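For reference, the structure is listed below as structure tokens.
All figures in this text were calculated on a predicted structure; none of them were measured in a lab. Chain identifiers are assigned alphabetically (A, B, ...) following the order of the sequence lines, protein sequences preceding nucleic acid strands; residue numbering begins at 1 within each chain.
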Amino acid sequence: MLFNTPLFFALLCCTLSLYWCARSMVSRQTILLIASIIFYGFWYPPHLILLFSLAIVAYGVTRLIEAERDQKSVWMAFGVLVSLSCLGYYKYAAYFLTLMQPIIEASGKSIDPAAYRMELPLGISFIAFQVIAYIVDVSKGKLNAERNVFVFLLFISFFPQLIAGPICRGNELLPQLKSKHSFDSRRVTSGMGILFVGLFLKVVFADNMAGYIDSVYAAPSAASGGELLWSSIGFGFQILSDFWGYSTMAVGMALMFGIKIPINFDLPYIASSIQSFWRRWHITLSSWLRDYLYISLGGNRRGGFITYRNLFLTMVLGGLWHGASTNFVIWGAIHGGYLAVERYVRGLITGTAVYQSGKLKYLGWMWLPVGWALTVFITFFAWIFFRAETLSDSMAVISGIGSNGFDGWKDVPRSLYTLIGLFILVMIPAHHFIEQARKEKMSMHWLLLTSCILLFLSLVMSSPDPVPFIYFQF
Amino acid sequence: MSRLSLLSALLLGIGFFTCVEIFARSSLFDMVSYTNSAKLDASINYSADLRDEINTFAIGSSEILYGLDPEVFDELAAINNCPEGVFNFGIEGFGPTHFEIILENVMFDDFFSQAKIALIGINMFEPHDTIPTNIQTGFECARMAGELQKSVYTSGFGRDNGLAELCPHSSNQTIFGSADVFLSRISYAYRHRQSLRSLILNGDARVQDPSREDVQKRIRPNGFYYSAGMNEESYAFHTNRWRTNFSQISYWQNELDLSLWQNYISENGIFDRIARQVEQQGYLPVFVANPSNPMMIEDTDRQSFYQINSQTMTEWAQSRGYAFLDAGILDSFDRQLDFEDHRHTSGEGAKKASETLASQFYKNPVVRTRLGCGELP
């Protein structure tokens, strides 16, 4: 049940109606939980068992952490291990077996990694991270363990953010799920406006770019340098519009229930440094990686080399989180490497006339456009590995662009250029609209008008068959 | 302020949707194809200019589009003391199987207010797929429509005439299908949203698609597609490809059952149904043997099949009070000079075929009565 399908909108409308008609908090929580079960179960009902099993384990573990404080590390480790094991089993077993295959076969045994490839439960990566964050936060005393098991199940399965985030922390979402919000028409309308902005981004830009880019990346050796170049640039915008669109829809939907969840994107392509990029791209993931991985590895507390190592490792594992593939590892390594280099350079210029007290000074301002160009270049270059199916495909794309990236640009459909140009134009106004709507600063009339126009444009521009969200595969 | 804000928002909203609607109705199909076929676009545009002047229109596939020259018909009309006014409404890829669907859904008096006769082109040596009697539920777009037909069915023309529903997308097959139907009825822009999308993404097709200009030059104002004449290189390419491929395709190798044609003309057979559709729309059905290149008939050894079918059609048409025309392509046509490729006539070949067909047409008593012709000279 994709977000951009009539069936999902039917579920949303029914849930909203019942939710706001319900008087008690318990009724509302029950309605949301049932809607979430229907939503997740629609994909593959048996995976509901996995979802709730993981949730029950987390619930039990956190209750034990609070009950047996002297054993909290053990219980925390157990809970994290269970979550990671689920993730590892479904997502990485076949990949690691492929890597180990030469060694295993050298010992005289044979193994078929393909036999271990599982049907990936939807959203398992996001669910696992949300569960881990909750367990660790309870263990560190940042929040109290939730006592109501149904509320906790709802926290884990809340359908707007279940499949592909934003990854919500316990202290962000749980209090809101337990408080009874009164119906506020402006808030609901704001949520609707944000929802339609997300839909607009997804169906107008991401879906319409997908067809051509997919066809080029399916056979990169057959494409010209220009086609490869513009498909790669296009993919950078496709993935942003796709994921930003999805996350925005999730934010809008949650707001329609009176619940505020964090945004995931803050104009990442205007970032003038890779550090800034990661504060603007998939914000909830990057903050999760920072809080639960980077800091756990030691963060920046143990000197230069260890800091660079931690940055690099965090991003490599972040890449691996996206998928069990060497390509994702390389993608993460590129970002990790650039983060480390950037940090090193920042260390060199800190305290000089270029950079003081965390701010650019004097000639440092000239660095901004250079920094922006470099960040964009590295990011779009790394996307090649993210998008290509295999390492050899990635190399084919790179060598194709490298040999003559200006050849064959006329073969690229005009629609791709149109979409890229239009997206660049609407990026900032869309972001501004989302910000204003979240703050509930817009009048209902303008919200309704914008929603109608965006819905109409989405209907006009939607491709005949729905295209799945890219991040659903993670 | 709140009321002013509400009024402004309302006015802007109404203004926006009104502008889009007006633009769609007045200019959209000047910039994008109405039918997804440059040739059919031209035919429809030209037919609008001749709406009240046409008494006879021809329907059929590309063999009719390339092969039936209304100008020749009009010359023969004058000679035979009959009113002039013939239009070629052939559509590439639309043989009897698909023209049956067109006739079910498209009222030709929208195009020709004074028409009396429909010339129906039929291929005389290939089998015709039959569509279940209830086209709406029985039509399998995926199986029965190729790319040529699908693109027309799902075009703006298809949407305006209920043809797009025959090739539905998944989005129309939910409970929201009824909302889609309702919105399509009340809003022209919504109904043609795919064309709007095409315009936004691809720009003005008049600029983007140079082949449209070429088509505009070749399509005559009477709908006839004039083939510029035999191009040796092109002819060789197409005929070599035909000769290489046909022997490997079972469709061409299968021996056809001679009773096939009897099924087509029997009650509820495809020709019977087409004839009744045409009569229901108020026209006299006149069947026409497509002027196909005899090369195909001879290579597949279907000469007898052709001859027997032609005789069958003649007798059947007479018994039903219709007419059947056959230009006798097996007899006096040059396989190279009179044809553009392995199938279609060249401009010269079309002239020759049209002379024979028109002569038969205007001498036929049933036709003469329907057209109100004067005394035969």
Side-chain angles (χ1 to χ4, degrees), chain A residues 1-2 4-14 186 189 193 200 203-205 207-212 234 410 412-423 425-426 441-468, chain B residues 1-21 23-24 28 32 141 150-151 153-154 159 164 167-180 183-184 187-205 207-209:
Chain A
M1 204 193 297
L2 298 174
N4 51 329
T5 56
L7 192 56
F8 176 78
F9 274 89
L11 175 67
L12 178 65
C13 290
C14 288
R186 182 188 283 235
T189 317
F200 173 79
V203 302
V204 172
F205 296 103
D207 287 0
N208 283 307
M209 289 190 209
Y212 178 71
K410 286 181 183 171
V412 178
R414 178 195 150 105
S415 57
L416 185 65
Y417 298 125
T418 305
L419 288 164
I420 291 172
L422 281 175
F423 183 77
L425 283 174
V426 307
K441 283 186 174 178
M442 296 183 72
S443 77
M444 276 185 51
H445 315 132
W446 294 108
L447 281 166
L448 282 169
L449 174 64
T450 313
S451 299
C452 288
I453 291 174
L454 289 173
L455 178 61
F456 175 76
L457 290 173
S458 301
L459 286 169
V460 166
M461 293 299 292
S462 62
S463 72
D465 297 302
V467 178
Chain B
M1 273 307 286
S2 178
R3 276 196 196 161
L4 192 60
S5 168
L6 170 63
L7 192 60
S8 308
L10 264 174
L11 283 174
L12 256 177
I14 291 169
F16 172 79
F17 287 106
T18 305
C19 286
V20 171
E21 193 71 12
F23 168 77
L28 175 62
V32 297
C141 185
K150 268 186 212 159
S151 61
Y153 287 139
T154 55
R159 288 180 182 278
C167 290
H169 289 295
S170 53
S171 58
N172 291 340
Q173 291 174 323
T174 69
I175 54 168
F176 289 87
S178 48
D180 185 72
L183 286 170
S184 294
S187 166
Y188 191 87
Y190 181 84
R191 187 161 74 244
H192 296 293
R193 61 193 182 282
Q194 292 294 328
S195 300
L196 273 172
R197 173 175 174 261
S198 184
L199 176 64
I200 293 169
L201 288 180
N202 301 314
D204 189 338
V207 175
Q208 303 308 318
D209 182 7

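- Note that CD of B:Gln194 and CG of A:Leu459 are 10.5 Å apart. Values are rounded to the nearest 0.5 Å.
- Put simply, CD1 on B:Ile200 and OG1 on A:Thr418 are 10.0 Å apart, with the number rounded to the nearest 0.5 Å.
- Only the side chain of A:Leu419 comes within contact range of chain B, with heavy atoms under 4.5 Å apart.
- B:Arg193 contributes no side-chain N or O that, together with a main-chain N or O of A:Val460, makes up a donor-acceptor pair within less than 3.5 Å.
- With A:Arg414 contributing its side chain and B:Asn202 its backbone, the two residues share a donor-acceptor pair below 3.5 Å.
- A distance of 14.5 Å separates CG in B:Leu201 from OH in A:Tyr417, rounded to the nearest 0.5 Å.
- The shortest heavy-atom contact between A:Met461 and B:Arg197 is O-NE, 3.2 Å.
- Heavy atoms closer than 4.5 Å to chain A are found in both the backbone and the side chain of B:Ser8.
- Applying the ring pair (Phe, Tyr, Trp, His ring centres under 6.0 Å) criterion to A:Phe456, with sequence neighbours excluded, gives B:Phe17.
- Between A:His445 and B:Leu7, every side-chain heavy-atom pair lies at or beyond the 4.5 Å cut-off.
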